[in-house]
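A short write-up of the structure that comes next.
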Amino acid sequence: MKLWGGRFSQPPSEVFERFSGSLAFDRRLLEADIRGSQAYARALAQVGIYTPEECQRVVEALERILEASRAPGFFDGATDEDVHTFVIRKLKEATGELAEKIHTGRSRNEQVSLDMRLWLRAEIDRDLELLALLMRALIGLARRYPNALIPGYTHLRRAQAVLWPHYLLAYFEMFWRDAERLQQARKRVNVCPLGSGALAGSAFAFDREAMARELGFEAISANSMDAAGDRDFVLDYLYAASMILLHLSRLAEDWIVYSTDEFGWLELSDSVTSGSSLMPQKKNPDALELIRGKTGRVWGALCSLFVTLKGLPTTYNRDLQEDKLPMFEAADELAACLEMARVVVETTELRPERARIALEESWVVATDLAEALARRGMPFHRAHQLVGKLVLESLRRGKKPSDWTPEELAAFSPEFTAECAILLHPDEGMRMRAVPGGTAPEAVRQALENAERRLESLLQSVASP
Ligand code: ARG
């Protein structure tokens with residue numbers, strides 16, 4: 001079926017129909033299209049196009065179409081141009097000529113925007129829940145090893161000792177900002193375009209606010225021309241999704257590295273790794289590698305929609321049909337990655353004793369020593385120099401920090417007092433980093449509690465009613 005044709009004397013070529021049809025992918029908008037059409041039918045009754053009884057029949061017929069759509073093969077053989085046309089054909093099969101009035105004053109231009117907004121709003125709610133569950137898993141993993149110390153890295157070189165929960169909270173903060181970004185995107189998504197017509201606004205006196213309320217929208221769009229061509233809301237979502245994937249990808253990279261034989265202080269579960277078809281000893285971090293790999297696809301979706309929109313004349317152009325595949329693809333990959341990451345976090349184990357070896361055989365305490373000297377009045381540059389010499393001497397003699405006795409240290413330089421000898425143990429310097437946001441136990445305890453409070457409120461806000 002077509003929603004147009006009167007002014008054409010030739011049918012579309014079969015090639016053009018195949019080329020331009022979108023039902024193969026926009027069928028995912030079916031439920032949104034039906035909800036939107038039900039609201040529209042009620043609005044049409046308000047302005048006298050349908051009688052209340054006709055409206056009721058249309059609304060019920062649409063509900064039955066939705067139910068029928070859950071059966072397999074529902075779309076088999078359909079050749080309609082898009083999901084909007086498909087729904088109207090089905091409505092026609094069910095209600096006859098009543099269906100011919102459903103599109104009164106309505107354009108697919110507003111309809112496609114409406115459907116995408118409804119679809120995306122539900123998707124964002126699902127993402128927020130998946131994100132919150134991942135954050136809960138991170139807190140759980142932090143709580144499993146509350147006192148464990150790991151090397152913190154800069155340039156992927158052992159830098160300073162940090163508490164394991166402090167490291168995980170870094171990711172909690174990234175994901176917290178991501179949740180905020182999703183919520184902001186949701187606000188822009190949650191605007192109702194219905195009543196905008198094709199581009200100029202409807203000539204029927206709809207109560208747009210009432211239509212918006214019925215569909216759960218917070219606001220109505222302010223300008224019909226803007227509404228017809230606006231896909232900012234999809235880009236906002238794709239950006240938020242890209243940022244989440246960026247964070248997931250960095251986490252994945254960390255854990256791939258930390259679980260290598262070379263680092264060896266993180267153990268990925270057998271259940272999220274796979275073996276080699278040739279090399280019997282292998283346990284490969286495929287789940288994390290796929291998260292890292294899929295990141296590129298989500299960024300591709302963001303980039304692809306940006307390019308589609310650039311240079312489009314104001315209001316609707318058919319190019320906009322190309323907005324849906326990137327949206328679906330990004331949403332699917334995002335949800336899959338969030339779920340996978342949660343399972344990895346839930347099943348990963350720290351090997352605190354291996355982390356300690358990594359700490360103790362390196363010079364992560366060097367900064368602690370230099371700062372101790374500076375606290376006693378030595379200019380920091382001199383302290384830095386002196387500790388640097390100590391490190392150099394240790395490397396020459398193959399000594400690690402704990403190999404130095406207090407006497408040997410004092411013999412190396414009288415500036416190194418007994419306090420400095422204590423600081424050769426990585427726990428001591430870590431305890432001194434007690435500023436808010438630092439890694440000292442008390443600061444981390446407070447940060448953990450603060451994170452748990454925020455997570456609790458996020459979990460409550462995403463809980464399905
Ligand atoms: N399938 C179209 C899309 O996704 C629906 C809108 C068609 N509008 C039009 N004027 N051709 O964008």
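In each ligand, atom 1 is the first atom listed, and ligand 1 is the first ligand listed. Small disclaimer: the values here were computed from a predicted structure and weren't measured.
- For W255 and Y258, the ring centers sit 6.0 Å or farther from each other.
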One pair per line, please: each N/O atom of ligand 1 matched with every protein N/O atom under 3.5 Å away, atom names first, then the distance to 0.1 Å.
{"unit_1": "ligand 1", "atom_1": "1 (N)", "unit_2": "S22", "atom_2": "OG", "d": "3.4"}
{"unit_1": "ligand 1", "atom_1": "1 (N)", "unit_2": "D82", "atom_2": "OD2", "d": "3.0"}
{"unit_1": "ligand 1", "atom_1": "1 (N)", "unit_2": "Q321", "atom_2": "OE1", "d": "2.8"}
{"unit_1": "ligand 1", "atom_1": "4 (O)", "unit_2": "K324", "atom_2": "NZ", "d": "2.8"}
{"unit_1": "ligand 1", "atom_1": "8 (N)", "unit_2": "N109", "atom_2": "OD1", "d": "3.1"}
{"unit_1": "ligand 1", "atom_1": "10 (N)", "unit_2": "N109", "atom_2": "OD1", "d": "3.2"}
{"unit_1": "ligand 1", "atom_1": "12 (O)", "unit_2": "Y316", "atom_2": "OH", "d": "2.4"}

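- Aromatic ring centres of F306 and Y239: separated by at least 6.0 Å.
- Residues satisfying the salt bridge (Lys or Arg N to Asp or Glu O under 4.0 Å) criterion with R188, sequence neighbours excluded, are D236.
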Show me, pair by pair, the donor-acceptor contacts under 3.5 angstrom made by side chains of residues 168-175, not counting sequence neighbours?
{"unit_1": "Y171", "atom_1": "OH", "unit_2": "L251", "atom_2": "N", "d": "3.4"}
{"unit_1": "Y171", "atom_1": "OH", "unit_2": "D254", "atom_2": "OD2", "d": "3.4"}
{"unit_1": "E173", "atom_1": "OE1", "unit_2": "R454", "atom_2": "NH1", "d": "3.2"}
{"unit_1": "E173", "atom_1": "OE2", "unit_2": "R454", "atom_2": "NH2", "d": "2.6"}

Side chains of residues 140-151: which donor-acceptor partners sit under 3.5 Å, not counting sequence neighbours?
{"unit_1": "R143", "atom_1": "NE", "unit_2": "E452", "atom_2": "OE2", "d": "3.0"}
{"unit_1": "R143", "atom_1": "NH2", "unit_2": "E452", "atom_2": "OE1", "d": "2.8"}
{"unit_1": "R143", "atom_1": "NH2", "unit_2": "E452", "atom_2": "OE2", "d": "3.3"}
{"unit_1": "R144", "atom_1": "NH2", "unit_2": "T348", "atom_2": "O", "d": "2.7"}
{"unit_1": "Y145", "atom_1": "OH", "unit_2": "L350", "atom_2": "N", "d": "3.2"}

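- Ionic pairing of R89 and D80 is present here: one or more N-O contacts between side-chain nitrogen and carboxylate oxygen are shorter than 4.0 angstrom.
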